[in-house]
Amino acid sequence: KNWQNELRECFRLHFSILGYDFQDHGTASWETNAWVIASIDTLKQPRRIQRLLGAPPWDVIVFDEAHHLSRTRSGKKTVTTQNFRLAEALRSHTRDFMFLSATPHQGNPYQFWSLLQLLNDQLFSAPEDLVDHRGMLSRVMIRRTKREVTDAAGQPIFRRRQVHTERFALAPRERQFYERLSDYLREGYTA
């Protein structure tokens, strides 16, 4: 409902919600509902994917929280989520994808590369290419920091962080724990 309200109020776009405003008992449901909001958990079911692929193609599909479209690799084993498989299936059924995510990288180069592959599989041939050609990310990605986000009048939406150092005395047990933890961390970093 939040997405529906925001899109209506901010952009005058009237979307229907799958499971609330209509049901998809067949492919025809997708032919008569051109502007749809749907839960990825509902859409990733195999029978629904087939209905989606049987419907006319879309201009754009938007995935919110796109970092949940993940494919990871550990050694020679690759794990692909159903969310990723849904996006992969729909890639050929839309002109454009738009992924929204505050955390697209997740600290995993292969997972990030896999996400980028859904957007443009010609941009980077391997995860290692991301390091050498970071500038090419701007072809598929727009990054905004909180500092850059403003309202219509140009005023910052997010308050700047105020950092203050507080000093306090440690109890003997706290001091001992702090010193032992510090020693442990120094050893770990040295190793």
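When reading the values below, keep in mind they use all heavy atoms of this one structure, side chains included, and skip hydrogens, waters and symmetry mates.
Think of Ile17 as one node in a network of Ile, Leu, Val, Met, Phe, Trp and Tyr side chains linked at under 4.5 Å; its network also takes in Trp3, Leu7, Phe11, Leu13, Phe15, Tyr20, Trp35, Ile37, Val60, Val62, Met98, Leu100.
Within 6.0 Å of CD in Glu65 there are more than 12 heavy atoms belonging to other residues, nucleotides or ligands.
Not a single side-chain hydrogen bond (donor to acceptor under 3.5 Å, both in side chains) links Lys76 to another residue, sequence neighbours left out. By the ring-ring contact (aromatic ring centres under 6.0 Å, His included) test, Phe112 is found to be paired with His105, residues two or more places apart in sequence or in another chain being considered. By the side-chain contact (heavy atoms from CB on, under 4.5 Å) test, Phe177 pairs with Leu181, sequence neighbours left out. Every ring-ring contact (aromatic ring centres under 6.0 Å, His included) that Phe22 has, sequence neighbours left out, goes to Trp30. For Ser101, the side-chain hydrogen bond (donor to acceptor under 3.5 Å, both in side chains) test picks out His67, with sequence neighbours left out. Applying the side-chain hydrogen bond (donor to acceptor under 3.5 Å, both in side chains) test to Arg47 and every residue at least two apart in sequence or in another chain returns Gln45.
In this structure, Arg91 contributes its side chain and Gln117 its backbone to a donor-acceptor pair below 3.5 Å. A donor-acceptor pair under 3.5 Å links the side-chain atoms of Ser29 to the main chain of Gln23, judged by distance alone. Put simply, the side chain of Thr27 never gets that close to the backbone of Ala55: no donor and acceptor are under 3.5 Å apart. Checking side-chain atoms of Thr81 against main-chain N and O of Ser70 turns up a donor-acceptor pair under 3.5 Å.
Sorted by first and then second residue, the salt bridge (Lys or Arg N to Asp or Glu O under 4.0 Å) pairs with a member in residues 13-32 read Asp24-Arg48, Asp24-Arg51; sequence neighbours excluded. Residue pairs that meet the salt bridge (Lys or Arg N to Asp or Glu O under 4.0 Å) test with at least one member in residues 174-191, sequence neighbours left out, are Asp183-Arg186. The list of salt bridge (Lys or Arg N to Asp or Glu O under 4.0 Å) pairs with a residue in residues 148-172, not counting sequence neighbours, is empty.
His93 NE2 to Ile49 CD1: the interatomic distance, rounded to the nearest 0.5 Å, is 12.0 Å. If you take OG on Ser74 and CG on Asn108, they are separated by 9.5 Å, rounding to the nearest 0.5 Å.
In terms of heavy atoms, Lys1 sits closest to Gln4 at NZ-OE1, 2.9 Å. Closest heavy-atom contact between Leu115 and Leu69: CD1-O, 3.7 Å. Leu90 approaches Leu52 most closely through the heavy-atom pair CD2-CB, 4.0 Å. Heavy atoms only, all atoms of each residue included: Leu18 and Thr42 are closest at CD2-CG2, 3.8 Å. The two residues Ala66 and Phe99 have their closest heavy-atom pair at CB-CB, 3.4 Å. Considering all non-hydrogen atoms of both residues, Asn33 and Ser16 come closest at OD1-OG, 3.7 Å.
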Donor-acceptor contacts under 3.5 Å from residues 121-130 side chains, at least two apart:
unit_1, atom_1, unit_2, atom_2, d
Ser125, OG, Asp129, OD2, 2.6
Asp129, OD2, Ser125, N, 3.1
Asp129, OD2, Ala126, N, 3.2

Identify all side-chain donor-acceptor contacts of residues 82-89 below 3.5 Å with residues at least two apart in sequence or on another chain.
unit_1, atom_1, unit_2, atom_2, d
Asn83, OD1, Lys44, NZ, 3.2
Asn83, ND2, His68, O, 3.3
Arg85, NH1, Thr80, O, 3.3
Arg85, NH2, Thr80, O, 3.4

If you apply the rule side chain to side chain contact (heavy atoms under 4.5 Å, CB included), what do you find for Thr78 with Tyr110, and how did you get there?
CA-CA 10 Å; Thr78 301; Tyr110 182 82; 4.0 Å; yes
Residues Thr150, Gln155; criterion side chain to side chain contact (heavy atoms under 4.5 Å, CB included); working and verdict:
CA-CA 5 Å; Thr150 62; Gln155 298 302 311; 5.8 Å; no
